[in-house]
Amino acid sequence: MLFTDLRHRLGRLGRQRRPTNAPADRLILPERRNGAAGAAPMISGNRAPRPSVGRLHTRTDSMTNLAHPDRLAKIEAMRAEGVDPYPARGVDATPIADLLARVGTPDEPGPAIGTTVTIAGRMLGLRDFGKLIFSPILDRTGRLQIGIKKDQMADWWPRRKWLDGGDLVGATGELAFTQKGEPTIWVTELQLLSKSVAAPPEKWHGLTDVEARYRRRYVDLWASEGVSEVFIKRSRAMSLTRRFLEDQGYLEVETPTLHPIAGGAAARPFITHHNALDADLYLRIAPELYLKRLIVGGMERVFEVSRNFRNEGLSTRHNPEFTMLELYEAQADYRRMMEIVEGLFELLATELNGTTDITFRGGDYSMKAPFQKLRYTDLFREHAGCEFDDETAVRAKAKELKLNHESDDYWKLMSDVFDETVEPHLSGPIFVTHYPVQISPLAKADPADPRLTERFEVFVACMELGNAFSELNDPAEQERRFEEQVASKDPESPGEVDVDYVQALEYGMPPTGGLGIGMDRLVMLLTGQDSIRDVLLFPAMRKLPTDQEETDETVAAGAASEGGA
RNA sequence: GGGCGCGUAGCUCAGUCGGUAGAGCAACUGGCUUUUAACCAGUAGGUCCUAGGUUCGACCCCUAGCGCGCUCACCA
């Protein structure tokens with residue numbers, strides 16, 4: 001019975017091939033690998049089953065098979081001499097960038113040269129000259145070399161073999177230039193802050209295996225060039241965005257992530273269950289309907305940086321969870337939202353890159369306002385070759401484009417034709433305005449043409465970055481459109497009318513402009529990253545099966561095939 | 001989900017006609033006091049993704065599966 005329920009649930013969740021999310025009351029075997037890899041080599045010829053090695057592609061790495069035996073042995077040696085490889089306290093260190101800003105050049109030394117300083121960070125490698133060791137140290141701000149000389153560190157010298165590339169250290173000494181002009185701290189005191197027992201990636205190539213980079217971002221961040229810079233820029237973009245809006249009187253708010261009705265966008269939701277309420281809940285696909293309730297509540301200018309969840313495919317532009325900025329402003333309309341987009345894009349490009357010119361996927365784009373504006377209907381006519389509401393012609397075009405006709409919903413088909421014919425031309429930045437009302441259920445109709453809405457989407461590099469409109473605030477009209485959606489039986493439509501939202505509108509929502517921006521994609525543009533995964537610290541990845549799960553699945557697969565279907 | 005590609009030492013990669021594996025870096029040992037992918041000499045390290053099959057013999061050929069990337073579909 002339970003199994004049937006589970007299958008039912010999974011079916012609704014979409015294309016899941018196996019119940020990886022099944023309640024896992026299976027055993028976890030923590031001691032399984034202990035002592036395996038670090039132990040003496042296997043007796044040759046021994047046919048006993050061997051524990052699996054730490055192979056990223058098929059196994060979850062446990063500590064003991066990632067840890068290097070030599071490094072573990074060093075830890076034992078240290079402890080035997082009373083040295084703690086994982087001391088409780090760090091050191092009071094100066095950010096490396098601060099020092100580098102004050103070193104000057106060998107010909108004109110800066111004020112930091114000749115002073116005694118302390119840095120802390122990761123030793124990226126060791127260059128051992130016998131009686132002299134160089135090692136670059138990396139902290140969050142930059143990289144600076146330390147030099148350790150035998151005659152200067154005589155007492156410590158016998159312990160130098162305890163150090164390995166990847167170790168975290170604190171180093172104190174005088175800052176000076178070497179003969180080759182490299183700023184260097186000549187160490188007088190070196191403290192191990194944490195022993196790295198896992199061997200770091202190859203020093204020249206770094207981590208290039210894309211899967212490994214995503215799964216072990218904590219390595220990628222210091223082992224791969226430019227990675228941490230991307231995420232620093234991302235953080236600054238979020239911070240600048242908040243300040244940009246707050247300076248205009250906006251209030252940042254937080255609305256629910258667990259929704260009783262998945263509304264505010266057309267997307268397949270994730271479903272979860274609240275035990276005490278005994279109710280299914282949806283992970284939010286958009287914060288829109290809650291934010292507009294706050295406009296009804298009189299907050300007038302609100303924004304939320306919201307994590308949204310959509311149970312759909314993954315690609316270089318799609319991750320199951322993504323970050324969207326949504327904002328709503330009373331007394332504003334879609335034109336005001338254009339100003340915000342232009343102002344924000346220009347600000348971020350300038351602040352992060354020092355220029356409004358950006359290069360992305362081999363193309364050059366200017367974030368200088370104002371952006372181009374073209375009407376949806378005109379673009380449709382130009383690229384699809386017919387009027388958007390000429391059903392016969394549009395259906396013929398769809399057939400010509402070999403678009404699937406699974407849905408008999410004309411407006412969905414028309415939208416597909418637009419995507420197919422127009423989007424490839426939207427190098428942008430460009431505002432596409434006045435979308436048809438049938439594909440804009442939350443937007444206010446254009447007073448000049450009720451077939452259209454006061455809505456735009458903003459595109460750069462043929463990629464949709466934002467969506468905005470003058471918000472529909474007529475409760476009767478909103479209810480009618482909701483009912484249309486529900487009646488459509490589209491799997492991406494909400495299953496029921498959000499009555500509470502309609503009631504909110506019944507109290508009266510002022511004329512309001514609303515805007516949503518896909519922040520991950522915006523950061524892609526601003527940092528020149530081709531894939532959304534490169535701007536997400538931890539992009540969605542398939543769970544690596546443990547040995548136990550693999551066994552379970554084999555058994556389950558066998559049972560399933562025996563049971564027939 | 002479809003198509004294409006990939007999976008070999010900790011990392012980056014070679015691998016001849018099918019004859020049970022190599023290099024560089026990392027590690028270890030020795031040498032070296034201004035290097036910066038340090039260098040020189042030596043040592044050790046492999047379920048060649050998994051499971052079947054063909055074969056006297058499979059990293060190599062076949063089948064199925066797993067994982068990842070790209071791409072298409074869906075979407076933002």
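Just so you know, these numbers use all the heavy atoms, side chains as well, and skip hydrogens, waters and symmetry mates. Every chain is numbered from 1, with letters handed out A, B, ... down the list of sequences.
- Here the side chain of A/Asp128 is nearest to one of B/C70, B/U34, B/C32, namely B/C32.
- At a threshold of 4.0 angstrom between heavy atoms, the contacts of A/Asn319 include nucleobase atoms, whether or not backbone atoms are also involved.
- In this structure, the aromatic ring of A/Phe134 is positioned over the six-membered ring of the base of B/U35, centres within 5.5 Å and planes within 30°.
- At B/C32, none of the side-chain N or O atoms of A/Lys150 fall inside 4.0 Å of OP1 or OP2 (strictly under the cut-off).
- Checking B/U36, B/U71, B/G69 against the side-chain heavy atoms of A/Lys180 singles out B/U36 as nearest.
- Taking the side chain of A/Gln179 as heavy atoms from C-beta on, and the options B/A73, B/C70, B/U34, the nearest nucleotide is B/U34.
- Distances shorter than 4.0 Å separate none of the side-chain N or O atoms of A/Arg127 from OP1 or OP2 on B/U35.
- Residue A/Lys149 has its side chain nearest to B/U34 when only B/U36, B/U34, B/A76 are considered.
- Among the atoms of the strands shown, only primed sugar atoms or phosphate atoms (P, OP1, OP2) are found under 4.0 Å from some heavy atom of A/Lys74.
- In this structure, A/Phe456 has its ring center at least 6.0 angstrom away from the ring center of A/Phe469.
- For A/Lys412, counting side-chain heavy atoms from C-beta on, the closest listed nucleotide (B/C74, B/A76, B/U33) is B/C74.
- Comparing atom distances between the A/Val210 side chain and each of B/G69, B/A73, B/G67 picks out B/G69 as nearest.
- Contact of the A/Lys195 side chain with the A/Val197 side chain is registered, since non-hydrogen atoms from C-beta on lie closer than 4.5 Å.
- A donor-acceptor distance shorter than 3.5 angstrom exists from the side chain of A/Thr141 to the backbone of A/Ala97, with no hydrogens or angles considered.
- Looking at the side chain of A/Lys131, the nearest of the listed nucleotides B/C70, B/U34, B/C32 is B/C32.
- With B/C70, B/A76, B/U35 as the choices, the nucleotide that has an atom nearest any side-chain atom of A/Ile532 turns out to be B/A76.
- When heavy atoms are screened at a 4.0 angstrom cut-off, A/Asp151 is found touching base atoms of the nucleic acid.
- With hydrogens and angles left out, the side chain of A/Gln145 and the base of B/U35 share a donor-acceptor pair within 3.5 Å.
- Under 4.0 angstrom from either OP1 or OP2 of B/C68 there lies no side-chain N or O belonging to A/Arg213.
- Residue contacts for A/Ala266: at a heavy-atom cut-off of 4.0 Å it reaches the sugar-phosphate backbone alone, with no base atom in range.
- A salt bridge does not link A/Asp520 with A/Arg317: every distance from a Lys NZ or Arg NE/NH1/NH2 to an Asp or Glu carboxylate oxygen is 4.0 Å or more.
- The side chain of A/Thr184 has B/U35 as its nearest neighbour among B/A76, B/G69, B/U35.
- A/Asp534 approaches A/Gln529 most closely through the heavy-atom pair CB-OE1, 3.4 Å.
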